[in-house]
Each structure stands twice: as structure tokens, then as C-alpha cells.
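Keep in mind that this is a model prediction, so the values were computed, not measured.
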Amino acid sequence: MYRLTLPDQSVKEVAEGSTFREFIEKELPFLKNKALAVRLNGTEIQDLSRTVTTNANLEVLTYAEKGGWETFQHSAAHLLGMAVQNLYKKANLTVGPVIDNGPGFFYYDIDFQGEAITPEDFPKIEAEMEKIVKADHHVWRKVVSKQEAIETFQKLGEKYKIELIEGFPSGDISIYGMGEWFDLCRGPHVPNSGILKSFKLTAISGAYWKADKNNAMLTRIYGVAFPTKKELDAYLFQIEEAKKRDHRKIGKEMDLFSFQKEGPGFPFWHPKGTILWNSLADYLRSECNKRGYQEIKTPAVLSSGLWKKSGHWDNFHENMYFTDIDEEDYALKPMNCPGCSLIYKHHLHSYRELPLRFAEFGSVHRHELHGVLHGLFRVRAFTQDDSHIYAPLDHLESEVMDIIDFTFTVYKKFGFSEFKTFIATRPEKSQGRDEDWEFATDTLKQSLEKKGIPYGIKEGEGAFYGPKIEFNIKDSIGRLWQCGTIQVDFSMPERFDLDYTDSDGQKKRPVMIHRAIYGSLERFIGILIEHYEGKFPLWISPNQVRILTVTEKVTDYAKDVYRELVDAGFRVEMDIRNEKIGAKIRDSILKKANYLLILGEKEMESGALAVRKLGQEDTKTLTRAGFVSNLQEEIRSS
């Protein structure tokens with residue numbers, strides 16, 4: 001008999017030779033139809049078909065947990081792979097991972113060996129996937145030696161699988177299959193194909209094998225999969241809404257920004273986009289001032305020696321741009337923290353000054369592969385609303401709690417009211433002492449718990465220098481966006497030999513807190529465009545008021561109104577073209593102006609305004625003073 005300890009600390013005995021699925025059916029029947037996999041001792045995830053072989057702490061994973069939905073999506077990728085190879089006999093499979101973008105997403109990279117596949121082929125592939133689901137194949141697992149695995153896939157002509165296997169260390173290798181079809185895989189997988197009922201293929205693109213442009217170009221097929229049709233339908237509705245809200249489309253219509261062939265991945269901010277950018281920066285700057293932050297600016301190019309000292313050279317080298325100055329190596333900064341630490345080190349500091357809070361709207365550059373660039377969401381140059389706080393160790397928790405409050409204040413200002421919060425722990429590639437990582441992680445947990453904020457754990461997803469809190473905001477159509485972070489760093493103060501004089505006259509090492517709320521202004525603006533569908537709140541809108549003339553006779557009156565509104569501090573445009581008023585209104589709606597002032601001879605004679613608000617079809621008559629008062633009140637109350 002083996003003993004399995006459940007999360008509520010109850011202990012269940014299970015007979016030798018029993019599978020996890022049999023155990024769940026007997027001891028936890030309420031999870032029978034929801035269980036997808038199990039997690040042992042907090043780390044190892046196994047299939048339900050695996051046999052219990054030891055005493056362990058056991059968690060049953062459903063679609064509600066990350067390990068559960070990842071198992072589900074991974075199995076959906078296998079479903080796609082099997083369907084493709086049933087239909088396209090020459091197709092070679094490469095890798096089919098889960099996309100870490102929340103529940104639902106997966107893809108498979110496939111070499112169709114010259115056959116062109118387009119989205120028009122999706123219905124045929126989906127129909128084959130449905131056949132496999134209806135057949136309700138048992139998902140089986142087989143463990144073989146490395147040599148046996150190579151021989152197995154050689155018989156099938158699966159050259160990519162062989163290349164993968166040859167790169168593995170010696171030892172056992174697992175194969176998963178459904179019916180007679182099988183694939184190289186470490187698992188885990190759902191117990192049977194009938195579970196994978198609700199899926200949709202969503203997109204297609206090219207991808208180089210192993211992301212190397214010197215290798216073969218593969219066909220990447222994307223898909224989504226959910227436990228129920230209701231969840232799938234909700235996602236598909238969200239996708240259609242997202243298409244209408246695409247920030248690239250709206251940004252072009254509103255003339256906010258562009259990307260040019262002369263600088264792929266580098267955004268060009270047009271006048272209206274710059275207004276929006278500055279509005280966000282000005283708001284956060286004012287909030288920082290209230291909280292005792294001091295604004296700084298650091299150079300964009302710094303010596304490679306600095307990046308070696310900070311650890312970025314070893315941990316971030318492949319994402320950096322380099323140049324030569326006076327026969328010495330320099331790099332464009334990918335992060336702002338080392339430059340900020342040089343400013344801290346420039347002066348002697350007393351405990352009376354701390355916590356010392358530096359804020360910087362720092363422009364950074366990171367090398368991203370061309371294939372992953374995506375509007376404002378993935379760029380090569382962006383501006384972080386960065387802050388670095390230097391504090392005594394006994395102030396760490398209170399500073400973190402203050403930043404949490406600050407972060408939620410900002411998000412709620414923009415209308416975000418639902419959040420998901422995570423703590424990302426130490427990654428495999430990292431620096432610093434174990435005890436510092438443990439203390440920092442515990443402090444982040446305690447801070448969130450004292451605030452009553454639930455959180456999940458992202459194992460191994462922290463920064464290379466410290467653990468972090470990640471804030472995810474939910475937009476108006478239900479999508480989650482990871483934006484703000486709070487990161488604790490003991491490593492950089494050590495590497496830069498940062499200190500302060502304590503009350504006892506002794507030199508002490510401060511702890512460093514990295515803080516960003518927007519994350520980057522570029523990405524946050526992209527999120528806002530889609531969240532609001534371009535219909536920005538008045539206080540940040542680049543198109544607050546648009547004046548439209550019905551006839552040329554009212555041009556002078558329109559200019560008079562324009563001057564009055566501009567002098568009152570509003571952002572105003574005039575459309576005095578010799579065009580029909582209907583065309584002017586349609587153009588203004590496309591540009592998402594908050595208010596249209598439609599001025600004809602009647603308004604000129606009365607000295608009034610015909611006002612139409614964005615999203616409404618009725619027009620109200622207001623006095624000029626009344627309209628200005630209404631605008632001021634709307635901004636004050638936002």
C-alpha cells in the first residue's frame with residue numbers, strides 16, 4: 001500500500017498497481033470528470049494512467065489550474081498532429097507546445113515538405129480532429145531507450161524527431177500515442193481523446209526550425225482548445241471583438257503611430273499619439289511626485305563593462321545591441337537599473353535619506369526576432385516607467401505594500417477593476433544567494449497576504465536577479481494583460497558595492513526594488529487602445545473636441561470657438577473643408593473625437609453650440625460657457 005497526502009492534509013491509502021485515475025474514481029469521485037493530470041510533491045506532473053509507485057503529496061489538476069490546462073492544450077496539439085499526419089502522409093512533425101498566454105492556446109510546427117497549407121484547409125483538418133475525438137482513443141505511453149527511439153522514428157522518416165532525440169542525454173525516452181499513431185513527447189497528456197471536444201484552428205504562419213533562419217521554414221498552425229463549447233464560443237466572440245479593437249488598425253485610423261520599413265520594430269509616434277504618450281507620462285509623473293519619487297535620466301549607451309558588472313552581459317546578452325566607440329565596446333541599454341545605481345553610488349547616503357526613490361521614463365532597446373514583432377505589444381525600442389527604490393532591509397515590506405497600493409490606484413484610474421496577481425520565483429538562469437532569494441520571495445508573499453490579495457505562483461519565471469510580483473489587468477472584453485512588476489534585488493547592490501551609513505555609524509547594504517506600473521508606455525497604450533476601442537476618456541484623449549462647419553459662412557465663428565477652447569486648455573481640431581457635413585461627421589467618428597461641435601448659421605446667430613458626444617446620435621444645444629464647464633467637470637471627476 002502507498003499513502004497519498006491530499007492538499008487538505010488528509011491521507012489516503014492506495015493499493016500497489018493502482019493508477020491515479022482509479023484512485024480518483026474511488027476516493028475523489030467528484031473530480032472524476034474534471035481531473036486531467038496529477039502533481040506529485042508540488043513539482044512533477046503525471047498522467048492519470050500512470051501507476052502509483054511511492055508515497056507522495058498529491059494534487060489533482062483540473063482545467064482551473066495551470067498544470068491542468070497546459071496538459072489539456074498539449075494534448076490538443078497532439079490531436080492536431082495526428083489529424084495532419086492522417087491527411088498529409090508526407091508531413092513531418094517538429095514541436096507542438098502550449099503557448100503561455102493563459103488557458104486555450106497551442107501550436108504545432110510542421111514540415112509539409114513543399115505542400116502549401118492555408119487557412120482554407122482548416123475545416124478539413126478540424127473535421128479529421130473531430131473524428132479522432134469521436135473515436136475516443138485511449139492515450140497510451142511507452143518508455144524506450146534512446147537508441148530504440150531513434151530506430152522507431154527512422155522507420156517513419158521523422159528527421160526532426162531524430163534530431164531532437166540525438167540531442168537528448170542517454171536514458172529512457174517517452175512516446176505517447178492514440179490508436180496506431182504516436183509522437184515523441186515527455187507528456188503529460190489527458191487520458192483519452194474524447195475529452196478534447198471543443199477546439200478551433202485559428203491562424204497559420206511560418207517559423208524556422210529551432211528559430212534559426214538557416215534552417216528549414218516550417219508551417220506553424222495555431223489553435224485553441226477548451227473543455228466545453230460554451231468556453232470556446234466565449235473565446236471566439238472575444239477574438240472577433242479583439243479584431244475590431246486591434247490597436248494597429250485603430251492607431252492608423254486615429255493617426256497615432258506608425259512603423260516604417262527603415263526601422264522595423266521601432267515605433268514612430270505621430271502628433272496625436274505623442275499627446276496620448278505625454279498624457280500617460282504626465283499623470284504618472286504627478287503621482288510619483290506625490291509619493292516622494294525623484295525623477296532622473298540615464299544615458300542610452302553605456303560601456304560593456306557596466307553590463308558585465310551588472311550581470312546583464314551573462315544573462316541578457318542575446319537581447320542587446322552593441323556598438324564600438326573609441327575602440328571600446330558599448331551597448332544600448334536594455335534596462336535602466338545599472339545607470340540608476342551609478343547615480344545612487346555617486347553620493348554618500350545616510351539612513352535618514354532612505355528609502356530613496358528614483359523614477360525614470362527610460363528608453364530601452366532589446367533585440368527581438370522579426371517574427372515576434374507585433375504592433376506596440378512587441379517592439380525593439382520602448383520606454384519603461386521605471387523606478388528603483390533603495391531601502392534598508394527592514395523597510396522592504398512596507399515599500400512593497402506601498403507600491404501595491406500605488407499600482408492599483410493607477411490601474412483603477414484607467415477603468416481596470418479586475419486583476420490577477422502572481423509571484424514569479426527564481427529561474428534556472430539567475431544570480432545571488434539562496435537565502436536572499438528565499439527572504440525576498442517570502443516578503444513578497446507576506447505583502448500580498450497582508451493586503452488580502454490572492455496570488456498564484458509562476459515557478460522559475462522571476463528575473464535573473466530576483467523574484468517579482470506580476471500584476472495582470474483584465475480589459476473590457478475579458479483578456480488578461482501582464483503589465484506591472486515589483487522586483488526585489490539583493491544582487492545589484494552587492495555587485496555595485498552600494499551602501500549607506502546607518503544610525504550606528506556602520507556601512508550597510510540597501511535592498512533594491514525595481515518597480516514598473518505601466519510596464520512600458522508603448523505596450524500599455526496598445527492595451528488602452530483596445531480596452532477603450534479608441535474611445536479614450538476625455539482627460540487623456542488626443543481628440544477631445546472637433547469643430548465641424550456646415551457652411552463656409554460660419555468659418556470665422558468656428559475659429560472664435562476654437563480659440564476659446566484652446567485658451568481653456570483643451571485639445572481641439574477644426575474641419576472647415578468644403579465638404580458635406582455628413583462626410584465630416586463620419587470622418588470625426590473614425591478619429592474617435594470625444595465631442596463634435598456642429599456649427600451652422602443658427603449656432604452662429606445665437607452664439608451657441610450644437611454638441612454631439614462620441615457614441616451618441618442626438619445633438620444638444622449648449623452655451624459656450626456651459627460646454628467649457630461640462631468639459632472641466634468631466635476631467636475633474638475622471
Legend entry - Parallel, tilted or perpendicular: ring planes of F322 versus W313, cut at 30 and 60 degrees: perpendicular
Inset, instruction - Using the side chain to side chain donor-acceptor pair (under 3.5 Å) rule, take Q431 and E494 through it: C-alpha gap first, then chi angles, then the decisive distance, then the call. - result: CA-CA 11 Å; Q431 60 192 31; E494 192 75 31; over 6 Å; no
Inset, instruction - Take the angle between the ring planes of H78 and Y108 and call it parallel below 30°, perpendicular above 60°, tilted in between. - result: tilted
Inset, instruction - Would you sort out whether E397 and S447 count as a side chain to side chain donor-acceptor pair (under 3.5 Å), showing the intermediate values? - result: CA-CA 6 Å; E397 185 178 283; S447 300; 4.7 Å; no
Inset, instruction - Examine distances only and state if a side-chain atom of R21 and a backbone atom of L48 form a donor-acceptor pair shorter than 3.5 Å. - result: no
Legend entry - Beyond-backbone contact of V139 with H137, side-chain heavy atoms, under 4.5 angstrom: no
Inset, instruction - Could you please spell out the steps behind the salt bridge (charged side-chain N to carboxylate O under 4.0 Å, His left out) verdict for E115 and K90? - result: CA-CA 9 Å; E115 189 162 359; K90 293 182 180 180; over 6 Å; no
Inset, instruction - Have a look at N92 and tell me which of I110, D111, L156, D109 forms a side chain to side chain contact (heavy atoms under 4.5 Å, CB included) with it. - result: D111
Inset, instruction - Look at the rings of F471 and Y411 and say which category their plane angle falls in: under 30° parallel, 30 to 60° tilted, over 60° perpendicular. - result: perpendicular
Inset, instruction - Anything under 30° is parallel, anything over 60° is perpendicular, the rest tilted; go ahead and classify Y465 against H312. - result: tilted
Inset, instruction - Report the relative orientation of the aromatic rings in H74 and H189; use parallel for angles under 30°, tilted for 30 to 60°, perpendicular for over 60°. - result: tilted
Inset, instruction - Give a yes or no answer on whether the side chain of T71 reaches the backbone of V190 with a donor-acceptor pair at less than 3.5 Å. - result: no
Inset, instruction - Step by step, work out the side chain to side chain donor-acceptor pair (under 3.5 Å) result for E120 and T118. - result: CA-CA 5 Å; E120 283 68 40; T118 71; 2.8 Å; yes
Legend entry - All pairs passing salt bridge (Lys or Arg N to Asp or Glu O under 4.0 Å) where residues 38-59 contributes a residue, at least two apart: R39-E59
Legend entry - Derivation and outcome, ring pair (Phe, Tyr, Trp, His ring centres under 6.0 Å), residues F153 and F182: CA-CA 10 Å; F153 285 98; F182 57 86; 5.8 Å; yes
Inset, instruction - Decide side chain to side chain donor-acceptor pair (under 3.5 Å) for Q113 and Y88; before the verdict, give the C-alpha distance in whole Å, the side-chain angles of both, and the deciding distance to 0.1 Å. - result: CA-CA 10 Å; Q113 303 210 57; Y88 304 91; over 6 Å; no
Inset, instruction - Check for a donor-acceptor pair, side chain of S10 on one end and backbone N or O of L6 on the other, with a separation under 3.5 Å. - result: no
Inset, instruction - Please name the pair of heavy atoms, one in L93 and one in E158, separated by the smallest distance, quoted to 0.1 Å. - result: N-OE1, 3.3 Å
Inset, instruction - Work out which heavy atom in R479 is nearest to a heavy atom in A242; give both atom names and the distance. - result: NH1-CB, 3.5 Å
Inset, instruction - Determine the minimum heavy-atom distance between E470 and A424, stating which atoms define it. - result: OE2-CB, 4.1 Å
Inset, instruction - Could you tell me if the ring centre of F377 sits under 6.0 Å from that of W481? - result: yes
Inset, instruction - Assess the pair F72 and F199: is the distance between their ring centroids shorter than 6.0 Å? - result: no
Legend entry - Plane angle bin for F439 and F490 - parallel if under 30°, tilted between 30 and 60°, otherwise perpendicular: perpendicular
